[in-house]
Amino acid sequence: MERKIGYRLLSILLALVLVLEIAPVSALAAESGSTDPSVENSAETAIEVAEGEGSEVVLGEVDGLRAESQKHFRMADGSFLAVDYG
């Protein structure tokens, strides 16, 4: 009899774990949100610099020059950097 209760408790525990695994965890993370604007914009200004190129500071993306597979970034020295994503 005691063994039967143990199996039931184990099955209930495993069922709860499965239900929690199905729950959309990303929705819970979006609710908490970050108030730091640098966290949200960090993906926009992150670029890879190839070997031999200078590592200048990127000020931000120029939205007016955006194309289907290209982005243009304004550099600290006043130049632009075009990135083609193919």
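Bear in mind the structure is a predicted one, so any value in this text is a computation, not a measurement. The first residue of the sequence shown is numbered 1, and numbering continues consecutively from there.
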Got a second to check how far His72's NE2 is from Arg66's CZ, nearest 0.5 Å?
-> 11.5 Å
Hphob cluster co-occupancy, Leu81 + Tyr85, side-chain heavy atoms under 4.5 angstrom | yes
Connected-component partners of Tyr7 among ILVMFWY, side-chain separation under 4.5 Å = none
Residues joined to Leu10 in its hydrophobic cluster, side chain to side chain under 4.5 Å directly or through other members, sorted by chain and number, are Leu14
Output for pair (Asp84 CG, Glu68 CD), nearest 0.5 Å, gives 10.5 Å
Please report the C-alpha distance between Val57 and Met75 in whole Å, then the side-chain angles of each, then the deciding distance to 0.1 Å, and finally whether the side-chain contact (heavy atoms from CB on, under 4.5 Å) criterion is met.
-> CA-CA 6 Å; Val57 178; Met75 307 303 283; over 6 Å; no
With Phe80 via side chain to side chain contact (heavy atoms under 4.5 Å, CB included) - residues at least two apart = Val62, Leu65, Arg74
Glu21 side, atom CD; Leu16 side, atom CG - distance, nearest 0.5 Å | 12.0 Å
